[in-house]
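Notes follow once the structure below has been shown.
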Protein chains: 2
Amino acid sequence: MKYSKQREIILQIVQNSMDHPTADKIYEKARMELPNISLGTVYRNLNQLAEAGTIRKISTGTSDRFDKTLKDHCHFHCTKCEKIIDLPVVYVAQLKEDLMRKEGHKIEYEEILFTGICKECLEERKED
Amino acid sequence: MKYSKQREIILQIVQNSMDHPTADKIYEKARMELPNISLGTVYRNLNQLAEAGTIRKISTGTSDRFDKTLKDHCHFHCTKCEKIIDLPVVYVAQLKEDLMRKEGHKIEYEEILFTGICKECLEERKED
DNA sequence: GTAACTGCAAATCCTTTGCTATGGA
DNA sequence: TCCATAGCAAAGGATTTGCAGTTAC
């Protein structure tokens, strides 16, 4: 892969994001550094980086999100505040183990997404 | 919800499918019974049925799939033969339990998708 | 020099929506 | 009758692609 300033910035944005941004959010941020960057370039680079395994695509059903971490594949999506929380990897280890040992499949990729109301929103709701 | 022949057939198709079809595949099948049915109607009904909890939408990242079972939320997607296998619910129970008890979130929906090579494809590969 | 890259815009794909007509309760 | 639903077609949104110019190596 040949170097490009655009790809470097896109990668930086994903790596510095805590909030699993959409392609569009990444585009917005990238334009602050490179005002002429195009949305097509953002998509092309996100796909390249995801294919290379440097970043990761998460499908929530409503939109695609991008994630820096390759190790945290367990997410919780709060439908109230719309945030996506990384969940401890340790919780998923046993599940994965069972699927490989007991079912005999080879797992190359896991996408675990729980949806509901996060702890913080639940606490706010109590105050209502 | 008012009865309609279209919805009945769409529901039947999803319930009789073992392969978690896309909206388009469901449309194709529905046209065999009702040649004039429109794709819009298929989408509308699939969304209604999913919202009502009768069927379920699964996002694989490449496309949305529909699923009849409300209890089996754990899927394995084989990238070789492209099939989606339901996985035993029991495996996910502990994971869910941990997330609710230890993290304090309220889980309303879970989407668990493992991707890789299924047992059958692994066995075929050995014979190559 | 050349292959990979960019920006731009058009194309594509999937899904939703607006409209008028129809059909179930 | 009346409201939900249908079919059709157009709109919508997200993503991809074609092209001509540019840049890294």
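Sequence lines set the chain letters: A, B, ... in the order given, protein chains first and strands last, and positions in each chain run from 1.
- With distances taken from any side-chain atom of Gln48(B) to the nucleotides dT5(D), dT6(C), dA6(D), the minimum falls on dT5(D).
- Rounded to whole Å, the distance from CZ on Arg31(A) to C1' on dG7(C) is 13 Å.
- Taking the side chain as every heavy atom from C-beta outward, Lys25(B) and Thr22(B) approach each other to under 4.5 Å.
- Between the C1' atom of dA9(D) and the OH atom of Tyr43(B) lies a distance of 16 Å, rounded to the nearest Å.
- Nearest-nucleotide assignment on DNA chain C puts the 5′-proximal partner with Thr41(A), out of Ala23(B) and Thr41(A).
- Looking at residues two or more places apart in sequence or on another chain, you find a side-chain contact (heavy atoms from CB on, under 4.5 Å) between Arg44(B) and Thr41(B).
- Across the protein-nucleic acid pair, Met1(A) atom CE and dT23(D) atom P stand 21 Å apart, rounded to whole Å.
- Applying the side-chain contact (heavy atoms from CB on, under 4.5 Å) rule to Leu39(A) yields the partners Asp24(A), Tyr27(A), Tyr43(A); only residues at least two apart in sequence or on another chain are considered.
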Could you encode protein contacts along nucleotides 18-25 of chain C as a string, one character per nucleotide from 5' to 3', using B for base contact, S for sugar-phosphate-only contact and - for no contact, with a heavy-atom cut-off of under 4.0 Å?
B----BBS
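- Look at CD on Gln6(B): it is 9 Å from C1' on dG7(D), rounded to the nearest Å.
- Here Phe66(B) contributes atom CZ and Ile13(B) contributes atom CD1; the two are 12.5 Å apart, rounded to the nearest 0.5 Å.
- In this model, the phosphate group of dC5(C) is not approached by any side-chain N or O of Asn45(A) to a distance below 4.0 Å at OP1 or OP2.
- Contact check, Asn47(B) against dT16(C): a side-chain N or O comes under 4.0 Å of OP1 or OP2.
- Partner Gln6(B) forms a side chain to side chain contact (heavy atoms under 4.5 Å, CB included) with one of Ile37(B), Asn36(B), Val42(B) and no other, that one being Ile37(B).
- For the helix from dG1(C)-dC25(D) to dA25(C)-dT1(D), the end axes, each set by the C1' atoms of five terminal pairs, are bent relative to each other by 40° (nearest 10°).
- In this structure, Ser4(A) contributes its side chain and Arg7(A) its backbone to a donor-acceptor pair below 3.5 Å.
- For Glu33(B), the side chain to side chain donor-acceptor pair (under 3.5 Å) criterion is met by no residue, not counting sequence neighbours.
- Whole-Å rounding puts the Asp24(B) CG to dT15(C) C1' distance at 11 Å.
- Regarding Glu8(B), its CD atom lies at a distance of 21 Å from the P atom of dA4(D), rounded to whole Å.
- Taking the side chain as every heavy atom from C-beta outward, Gln48(B) and Asn45(B) approach each other to under 4.5 Å.
- Per the geometry, CG belonging to Leu49(B) stands 10 Å off P belonging to dT5(D), to the nearest Å.
- Atom OH of Tyr27(B) is separated from atom P of dC13(C) by 16 Å (rounded to the nearest Å).
- At a threshold of 4.0 angstrom between heavy atoms, the contacts of Ile37(B) are confined to the sugar-phosphate backbone, with no base atom among them.
- Every salt bridge (Lys or Arg N to Asp or Glu O under 4.0 Å) that Glu8(A) has, sequence neighbours left out, goes to Lys5(A).
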